[in-house]
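The shown structure was predicted, so the numbers you read here are calculated from the model rather than taken from an experiment. These numbers come from the heavy atoms of this one structure, side chains and all, not from hydrogens, waters or symmetry mates.
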Amino acid sequence: MTSYKELLKQREALEQQISEARRRELSDAVSQVRSLVAEFGLTAQDVFPAARGAAKGARSSTAGTKVAPKYRNPATGETWTGRGKAPRWIQNESREKFAI
């Protein structure tokens, strides 16, 4: 049976091998990417379009826009979009009868 200290030494050796292999493969990957970028004349915008998350904390283009109401209280004319907490007049009721 292998001792604890021997296993720790093996782990350190493996971690070093993993680190070296990762560094080598990253270097190869970066050189491949650079050659493809040069070959096709790509820009950072081509590879990483801003539409997917332009900046940290950026809001989507639909954030804060108004939503059309889906339900109307026939007694008061009050409306509800169907988002958020339901108003009292529609709670415990069939929403179909309030649909607009």
Under 3.5 Å, is there a donor-acceptor pair between the Ser31 and Asp28 side chains? no
Between Arg95 and Ile90, is the side chain to side chain contact (heavy atoms under 4.5 Å, CB included) condition met? List the steps. CA-CA 7 Å; Arg95 293 189 178 170; Ile90 203 168; 3.7 Å; yes
The remaining residues in the hydrophobic cluster of Leu8, counting side-chain heavy-atom contacts under 4.5 Å among Ile, Leu, Val, Met, Phe, Trp and Tyr, are Tyr4
Are the side chain of Glu78 and the backbone N or O of Arg72 linked by a donor-acceptor pair below 3.5 Å? no
Between Thr81 and Val67, which heavy-atom pair has the shortest distance, and what is it? CG2-O, 3.4 Å
So ring-ring contact (aromatic ring centres under 6.0 Å, His included) across residues 65-87, not counting sequence neighbours, yields Tyr71-Trp80
Tell me whether Val33 shares a hydrophobic cluster with Leu26, the cluster being built from Ile, Leu, Val, Met, Phe, Trp, Tyr side chains joined at under 4.5 Å. no
Extract all donor-acceptor atom pairs below 3.5 Å that involve side chains of residues 9-25 and protein atoms in other chains or at least two apart in sequence.
unit_1 : atom_1 : unit_2 : atom_2 : d
Gln16  : NE2    : Glu20  : OE2    : 3.4

How far does CZ of Arg88 sit from CG of Asn73, to the nearest 0.5 angstrom? 13.5 Å
When rounded to the nearest 0.5 angstrom, what distance separates OG in Ser94 from NZ in Lys97? 7.0 Å
CD/Glu96: more than 12 non-hydrogen atoms of other groups inside 6.0 Å: no
Connected via hydrophobic side-chain network under 4.5 Å: Ile100 and Trp89: no
Between atom OG1 of Thr79 and atom CZ of Phe98, what is the distance when rounded to the nearest 0.5 Å? 13.0 Å
